[in-house]
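We name chains A, B, ... by the order of the sequence lines, and we start the count at 1 in each one. This structure is a prediction, so every number in the text was calculated from the model and none was measured.
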2 protein chains.
Amino acid sequence: MRELTRAEEQIMQILWKLKKGFVKDILEHFDEPKPAYNTVSTIVRILQDKGFVTHKAYGRTHEYYPVISKSEYSKSHLKTFVNDYFSNSFEKMVSFFAKEKSISVKEMEEIMKIMETEVKKQKIR
Amino acid sequence: MRELTRAEEQIMQILWKLKKGFVKDILEHFDEPKPAYNTVSTIVRILQDKGFVTHKAYGRTHEYYPVISKSEYSKSHLKTFVNDYFSNSFEKMVSFFAKEKSISVKEMEEIMKIMETEVKKQKIR
DNA sequence: CTTGCATAACTAATTATTTCGTTGTATATT
DNA sequence: AATATACAACGAAATAATTAGTTATGCAAG
């Protein structure tokens, strides 16, 4: 999957939040200083060329939708990261952050609970 | 922490692997088609300006060292990612990937083992 | 010493990304 | 119909990143 550039990612984050939107809706969700209308419009069109969004036309105006979901993109992005920084091992990554105390005890307990459920579920089949 | 660009990251990965190296050593570790010597030299100097590497001079030639470790950088990078894609919750991220089956049962069992140890260790204090 | 080679530093050229002004057109308003 | 408004499309300009040529210098070999 193509990588999003900085500006593209910012707009995708807004679209993922909004689910859909006209350029003017996207623009509203920018913090000050807001970019020019045309800047947003251009980048949305680039995102469309790259296959990240599509649009529905209402006469001459376009309502844009994400085609790639936030989950899909994050999955692909994290995979690359795990591959590059943790020799493709989720385990290495997670245990690194557990040891680094980037994950709280409470979070770890939650994670263990979920994993137990998942392990059981996957072992049944 | 500044983000690494594509070319910069490639060189950092090599330096992290080598621990230290002259430009020519870095160059050797590129796959074909290798970039020009000067391309590598320029980017290493940019990395130095950004504070990612430093050097030890042997007369006129420089041996470069990472100043930011791979761990440090990956920590900062993943934090940004978790913040942007999982509303700053490691738990959300990990359980998403567990449910997606991106983490194998074997890996989950390992992770749970490590977390149990970590939880105990951190609860003692 | 002179020539050749290796290297860092500098700089120019190229390519990618971001930003936004301009244009043309459809639609709404008077 | 004439004018104003809103928008997508286009394109130019600005900025960032990448690539590599050129230059200057030190060192080694003859």
Can you check the Tyr37(A) OH to dT23(C) P distance for me, whole Å?
18 Å
Is it true that atom NZ of Lys34(A) has more than 12 heavy atoms of other residues, nucleotides or ligands lying nearer than 6.0 Å?
yes
Looking only at heavy atoms, the pair that brings Met108(B) and Gln122(A) closest together is CE-NE2, 4.1 Å
Does a donor on one side chain sit under 3.5 Å from an acceptor on the other, for Ser87(A) and Lys92(A)?
yes
Give a yes or no answer on whether the side chain of Trp16(B) reaches the backbone of Ile68(B) with a donor-acceptor pair at less than 3.5 Å.
yes
For the pair made of CD in Glu3(B) and P in dT18(D), what is the distance, rounded to whole Å?
12 Å
Numerically ordered, the residues 42-64 of chain A set in heavy-atom contact under 4.0 Å with DNA chain D is Thr42(A), Arg45(A), Arg60(A), Thr61(A), His62(A)
Base of dT22(D), side chain of Asn38(B) - is there a donor-acceptor contact under 3.5 Å?
yes
Salt bridge (charged side-chain N to carboxylate O under 4.0 Å, His left out) filter on Glu109(A), not counting sequence neighbours, yields Lys123(B)
I need the CG-C1' distance between Leu27(A) and dC20(C), as an integer number of Å.
12 Å
OP1, OP2 of dA9(C) versus side-chain N and O of Ser41(B): anything below 4.0 Å?
no
Do any of residues 6-25 of chain A sit with a heavy atom less than 4.0 Å from DNA chain C, and if so which?
Arg6(A), Ala7(A)
Roughly, in whole Å, what's the span from CZ in Phe30(B) to C1' in dT19(D)?
12 Å
Is it true that Arg6(A) and Glu3(B) make a salt bridge, defined as a side-chain N closer than 4.0 Å to a carboxylate O?
no
Salt-bridge contact Lys121(B)-Glu118(B) (side-chain N to carboxylate O under 4.0 Å)
yes
Does the pair Asp25(A) and Glu63(A) meet the rule for a side-chain contact (heavy atoms from CB on, under 4.5 Å), with working shown?
CA-CA 10 Å; Asp25(A) 302 324; Glu63(A) 189 172 34; 5.7 Å; no
Can you tell me how far C1' of dA8(C) sits from CD1 of Ile26(B), to the nearest Å?
13 Å
Under a 4.0 Å N-O cut-off, is there an ion pair linking Lys75(B) with Glu72(B)?
no
Quick check on dC20(C): is either OP1 or OP2 less than 4.0 Å from any side-chain nitrogen or oxygen of Thr39(A)?
yes
If I take atom CZ in residue Arg2(A) and atom C1' in nucleotide dA16(C), what distance separates them, rounded to the nearest angstrom?
11 Å
